[in-house]
Amino acid sequence: MVSYSRFGEAQAHIVRSLDRALRDRGFDGLESYIEVDRPTEEGHGDLVSNVALKVARVTKMPPLALASTIAAEWQSDEVVAHVAAAGPGFLNFTLHTRWMADVIRQIQVAGSGYGTSSAGNGARVLIEFVSANPVGPMVVVNGRAAAIGDSLARILNAAGFVAHREFYVNDGGNQVLTLGHAISLRLRELQGQEVMSTWPDDVYPGDYVIAVAREWRNLHPDVVIEDLDESSYAMLGDFGAARFQAQHESVLRGFGVEFERWYHEKDLREAKAPEAIIERLDQLGFMEAKDGARWFLSEKFGDDKNRVMVKSDGTMTYFVPDAAYHADKFARGYDYVIDLLGPDHHGYVGRMRALVEALGYPPDRLEILIVGLVRLMRGEELVRMSKRKGSYVPLEDLIAEAGVDPARYFFLERSPETPMDFDLDLAKLRDSKNPVYYIQYAGARIHGILRQWREQGESDVDLNLAHLQSPHERQLLWLLARYPDVVVRAAVERAPQHVPKYLTELASAFHGFYREERILEGASGIRQARLALIESVLMVLASGLDLLGISLPERM
RNA sequence: GCGCCCGUAGCUCAGUGGAUAGAGCGCCUGACUACGAAUCAGGAGGCCAGAGGUUCAAGUCCUCUCGGGCGCACCA
């Protein structure tokens with residue numbers, strides 16, 4: 001077992017001791033049965049092992065009997081203070097408080113680097129997310145993907161992976177022409193022509209295009225609008241796409257999300273990458289001509305059906321540039337490629353996996369996370385949204401109304417794939433019902449204490465961590481010792497929600513400690529130890545919130 | 001019809017095959033002359049959708065049924 005934390009050291013230590021205990025009884029080769037985990041509830045020690053239950057079949061010993069003899073013969077050491085057999089045969093381990101308290105020294109040495117580890121071994125991860133089409137404003141679910149993707153990248157980096165964030169800009173397809181069409185209609189409208197009665201069905205009438213049209217007109221006041229026929233759609237569309245990309249970039253930056261790269265479909269097309277991917281699949285023998293079209297034989301790789309790549313009219317389906325894009329991701333040497341897709345993209349998973357496999361890569365190196373649907377609520381009331389009708393809440397407005405911190409927190413506290421309700425009324429509440437403030441308040445309280453301590457101007461005494469003995473202090477130490485493992489787990493499982501969960505626990509333990517134990521009023525030795533403890537808590541709160549892209553204000 | 005996600009407290013959701021299934025909100029009791037009450041301590045509230053199976057052990061794994069969402073284009 002590789003350990004990245006004080007907690008992990010204890011686990012590894014106990015595993016070794018258990019292994020020895022089993023061998024002493026003549027049971028060899030049972031290492032794989034040995035598990036040491038945190039208990040599911042209080043009162044079962046600091047760590048727990050179910051090994052006696054696991055090996056019962058092999059050893060032919062009643063689990064509780066085996067556990068009891070192991071506990072009775074346990075050689076005391078500097079890590080484990082006490083071992084007890086319990087329940088049907090669990091072993092409950094209580095750690096020396098002194099030993100746990102050294103986590104504070106680790107935190108003092110590591111500083112803001114505490115929590116980082118080398119678990120990822122430098123594996124390179126590309127994470128593509130949001131990738132909203134540049135033909136209109138982003139919507140609420142884009143915000144969820146943005147928060148999750150960005151936070152996941154931060155977590156992966158902290159856990160020793162090298163993660164890159166990428167936004168794929170769909171600026172090469174038909175929709176850009178459609179946007180150009182819409183802009184030209186809005187330009188006519190700005191000149192006083194009536195356009196709504198003849199508005200084409202396939203052109204979204206969203207009024208967000210009006211602002212873009214206005215911008216274009218200001219830049220080109222001399223162009224005669226009547227000349228803007230179909231031949232102008234591409235030019236207008238490119239203009240609009242650039243405007244919307246800039247808008248996306250700025251909204252996302254305001255949301256704390258920055259991408260290492262904006263990858264343009266247009267560049268792919270200009271480099272003839274779509275043609276190249278078809279050629280490559282053809283050479284590999286995975287293309288077939290049928291019904292006047294050219295098909296990718298994705299069924300060979302477990303897809304539901306084969307996929308058209310070149311339509312009978314000679315044009316390519318949208319899947320082709322996407323396929324070229326994914327081929328490029330792997331060609332760039334990433335060990336893992338993660339896509340965060342919207343909830344309307346389930347059908348996309350099979351064909352993309354098939355592509356990866358067809359190109360000769362292990363299909364599980366492509367990980368597709370479907371970000372669950374977001375329903376926007378105002379209290380009890382569902383906010384109805386329809387892009388077609390142009391009635392929707394842009395992400396920008398959501399962020400402005402809720403605030404960056406609550407919005408990110410709401411998106412990150414749930415597992416990515418489950419559908420969620422986002423309650424705007426709750427998110428914008430500036431009071432205790434809003435869970436993000438619970439964590440921030442713990443930090444603000446610690447800042448307050450440290451401020452007061454500095455104002456008192458008392459000098460430090462030597463730090464003696466042996467003063468930390470109370471149940472509240474033990475619990476905080478135990479949580480601090482676990483933090484690096486929480487980060488690793490969130491990274492490996494691609495599950496950022498573990499971090500807010502953990503921070504809530506840490507904040508709760510701190511608030512309980514704070515109410516129970518005076519910090520500044522104690523004798524100088526214990527005061528110094530408690531100050532070191534809460535400084536450590538503050539460090540971890542700040543670090544954890546940073547992984548979520550959430551601030552930790554000194555005052556609230 | 002086929003595929004994916006989801007059914008856990010009144011609501012929103014956690015839950016790594018392990019002991020008596022958790023948190024927040026809401027509800028009910030209590031706690032500021034206090035380092036910040038945006039807090040704390042306690043209480044009520046559950047056939048983990050249902051039925052079979054695997055296992056020493058199932059909310060968790062397998063099969064089926066029921067319910068909800070989303071996908072199943074030579075659209076993007």
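Note that the coordinates shown come from a computational prediction; the quantities given were computed from them, not determined experimentally.
Looking at heavy-atom distances under 4.0 Å, Arg489(A) makes contact with a base. Residue contacts shown for Glu517(A) include a base, since a base heavy atom lies under 4.0 Å away. Counting non-hydrogen atoms under 4.0 angstrom, Arg414(A) reaches the backbone sugars and phosphates but no base. Contacts of Pro435(A) with the nucleic acid, taken as non-hydrogen atoms under 4.0 Å apart, are absent. If you check every strand for non-hydrogen atoms under 4.0 Å, Gln497(A) touches sugar and phosphate atoms only. As judged by a 4.0 angstrom heavy-atom cut-off over every strand, Ser312(A) is placed among the base-contacting residues. Counting non-hydrogen atoms under 4.0 angstrom, Ala444(A) reaches a base of the nucleic acid. Using a 4.0 Å heavy-atom distance criterion, Asp291(A) is classed as a base contact. Across all strands, Val349(A) comes closer than 4.0 Å to no nucleic acid atom at all (heavy-atom distances). Residue contacts shown for Ala56(A) are absent, as no nucleic acid heavy atom lies under 4.0 Å away. Among the heavy atoms of the strands, none lies under 4.0 Å from Tyr348(A).
Geometrically, Arg445(A) engages Tyr514(A) in a cation-pi contact defined by less than 6.0 Å to the ring centre and at most 45° from the axis.
Neither OP1 nor OP2 of C13(B) sits under 4.0 Å from any side-chain N or O of Lys501(A).
Nearest to the side chain of Tyr441(A), among G18(B), U16(B), G36(B), sits G36(B). Closest to the side chain of Arg57(A), from the set C35(B), C56(B), A19(B), is C56(B). Distance from the side chain of Leu373(A) is smallest to G69(B) among A31(B), G69(B), A76(B).
Classification of C6(B) as anti follows from a glycosidic angle more than 90° from 0.
A23(B) is paired with U12(B) under the criterion used here, namely a Watson-Crick or G-U wobble arrangement in which both key atom distances are under 3.5 Å. The pairing partner recorded for G3(B) is C70(B), the criterion being a Watson-Crick or G-U wobble arrangement whose two distances lie under 3.5 angstrom.
For the residue pair Tyr318(A) and Asn170(A), no side-chain donor N or O sits within less than 3.5 Å of a side-chain acceptor on the partner.
Rounded to whole Å, the separation between the C1' atoms of G24(B) and G18(B) comes to 26 Å.
Outside the 6.0 Å centre-distance limit, the rings of Phe286(A) and Phe296(A) are not counted as a close aromatic pair.
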